[in-house]
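Below is one structure; the comments refer to it alone.
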Amino acid sequence: MNCLQSWPEPVTRVQSLAASGIRAIPERYIKSPSHRPLLNNDVQEVNVPVIDFQNLFSGDRGLREEALCCIDNACREWGFFQVVNHGVNHELMKRTCEVWHEFFNLPLEVKQEYANTPATYEGYGSRVGVEKGASLDWSDYFFLHFMPLSLVNKNKWPAIPASCRELVAEYGSEVVRLCGKLMKVFSMNLGLQEDSLLNAFGGEENVGACLRVNYYPKCPQPDLTLGLSPHSDPGGMTLLLPDENVAGLQVRRKGSWLTVKPIPNAFIINIGDQIQVLSNAIYQSVEHRVIVNSNKDRLSLALFYNPKSDLLLEPCKELLTKDQPALYKPMTFDEYRLTIRIKGPCGKKQVESLKSPGQCN
């Protein structure tokens, strides 16, 4: 991990660049023509499937089965869906977003006290990947751990605003609980025992959960860059609280980039690479990216729910048959995410590289 102890070049804060009044973005942020977003009237805005989560606990068997079926179809067909009536307090969601807006609007010297390194990514950051001269994304972020408890260091969480640590802890607790419920739903829909996926992740005490607060400053040339380059999420699943007022998330579907239309008080859920591996590609992670805006800043909260980092993950044996052998070779999450921490976002290349010999297209 020595290669991950420091950034290869001085780190530039994108928010500071945006605030400087520049009219042209630095070359490091300009994407190649084939990777630039289309920001005209032809961009298609879509609602990914919307699930009423409280129906899973209804006394009406028909409503329960319909909700289970809708989630299963969304996982198989989209890899993304939105949940409403999910049980997380709406006021808590709002206040947590507000406190992070306050943090990013603090003076730079205050935020710099939390500057991160690529060794852990904890803290205030502006890039992913340590390759010198790499193309950069138009975003800053703050990254912190919720679980396992052995990794939690609240001294690395912002002390300003004063309410930040308390709100973040409460928000994390509620969202992690929701992820645990979703894991049970995924297991049942795959025909597994209710706790199968959670146990494969190491059990309730050992799963990993971390928060990345994404801050996308307004950009003078949004047609030349991206807030976050195309990637699939390396972990188990991601629970995203998007900005309700500024769309930015795009999902790749059938070769086209579709802009996700957020629903008030909903979470956007997406399947990660590790659930693709465990389900033997019955559920698949989906490539996505983030576009930026010329007039408005945008903030989102992404909760990553991941397996214990040193466990070997491979397709669940109950899902394998003679006609459907294991597609992926075993690998720990630590080994898997190392490549991403070195190279940064890279589409679906990483999970495809796990395919067993003879299973590649």
Side-chain angles (χ1 to χ4, degrees), residues 1-20 22 25-29 96-147 150-169 171-172 208-219 225-229 231 234 290 292 297-304 306 309 334 337-338 340-345:
M1 297 289 282
N2 288 338
C3 61
L4 300 179
Q5 294 307 307
S6 61
W7 301 110
E9 302 138 324
V11 174
T12 301
R13 302 305 179 190
V14 177
Q15 188 178 6
S16 297
L17 273 178
S20 71
I22 60 171
I25 63 176
E27 187 176 348
R28 292 287 301 280
Y29 297 91
T96 305
C97 287
E98 288 174 348
V99 83
W100 281 111
H101 272 290
E102 290 178 41
F103 172 81
F104 280 101
N105 286 324
L106 291 171
L108 180 59
E109 59 268 23
V110 176
K111 293 179 288 190
Q112 281 294 109
E113 295 177 15
Y114 300 95
N116 72 350
T117 72
T120 65
Y121 279 83
E122 287 179 276
Y124 176 50
S126 297
R127 64 178 292 170
V128 178
V130 294
E131 287 195 333
K132 192 171 183 178
S135 173
L136 299 177
D137 291 332
W138 193 261
S139 61
D140 297 327
Y141 64 86
F142 200 102
F143 184 89
L144 57 85
H145 289 287
F146 287 128
M147 294 179 68
S150 60
L151 289 182
V152 176
N153 183 351
K154 292 187 179 180
N155 290 325
K156 294 185 177 181
W157 300 10
I160 306 173
S163 60
C164 187
R165 290 178 179 175
E166 180 183 353
L167 281 171
V168 167
Y171 177 83
C210 48
L211 179 70
R212 176 174 155 137
V213 183
N214 304 298
Y215 191 83
Y216 304 103
K218 59 186 177 182
C219 178
T225 191
L226 290 166
L228 194 54
S229 292
H231 65 287
V290 177
V292 290
D297 300 334
R298 180 174 176 271
L299 182 140
S300 67
L301 278 60
L303 186 287
F304 303 111
N306 299 327
S309 62
D334 263 343
R337 66 185 170 186
L338 181 60
I340 294 166
R341 288 190 169 188
I342 293 172
K343 294 183 177 295

Taken to the nearest 0.5 Å, the spacing of Leu17 CG from Ile22 CD1 works out to 5.0 Å
Let me confirm one number: the OG-CG distance from Ser229 to Leu136, rounded to the nearest 0.5 Å. 9.0 Å
Measuring from Phe142:CZ to Tyr114:OH, what's the distance to the nearest 0.5 Å? 7.0 Å
Write down the atom of Ile25, the atom of Cys219, and the distance for their closest heavy-atom approach. CG2-SG, 3.7 Å
Tell me the closest heavy-atom pair linking Trp7 and Pro118, and the distance in Å. CE2-CD, 3.5 Å
Looking only at non-hydrogen atoms, find the nearest pair between Gly227 and Asp137 and report the distance. O-CB, 3.3 Å
What pairs with Tyr215 under ring pair (Phe, Tyr, Trp, His ring centres under 6.0 Å), at least two apart in sequence or on another chain? Phe104
Once you round to the nearest 0.5 Å, how far does CE of Met147 lie from CG of Asn306? 11.0 Å
Distance in Å, Phe304 CZ paired with Arg337 CZ, rounded so as to fall on 0.5 Å steps: 11.5 Å
side-chain contact (heavy atoms from CB on, under 4.5 Å) assessment of Tyr216 paired with Leu299: CA-CA 6 Å; Tyr216 304 103; Leu299 182 140; over 6 Å; no
Side chain Ser309, main chain Asp334, donor-acceptor under 3.5 Å: no
Does CD belonging to Glu166 count more than 12 external heavy atoms closer than 6.0 Å? no
Nearest atoms (heavy-atom pairs only) where Asn116 meets Gly125: OD1-CA, 3.5 Å
Distance-only, no hydrogens or angles: does the Trp100 side chain make a donor-acceptor pair with backbone N or O of Val168 under 3.5 Å? no
N/O donor-acceptor pair under 3.5 Å between Asp297 side chain and Lys218 backbone: yes
Are Phe146 and Trp157 close enough that their ring centres sit under 6.0 Å apart? yes
Measuring from Cys164:SG to Tyr171:OH, what's the distance to the nearest 0.5 Å? 12.5 Å
Cation-pi check, Arg13 to Tyr124: give yes when NZ or CZ is under 6.0 Å from the six-membered ring centre and within 45° of the ring axis, no otherwise. yes
Which salt bridge (Lys or Arg N to Asp or Glu O under 4.0 Å) pairs, counting each pair once, include a residue from residues 108-129, with sequence neighbours left out? Glu9-Arg127, Glu122-Lys156
Only counting residues at least two apart or in another chain, list the ones meeting side-chain contact (heavy atoms from CB on, under 4.5 Å) with Val14. Tyr29, Trp138, Asp140, Pro217
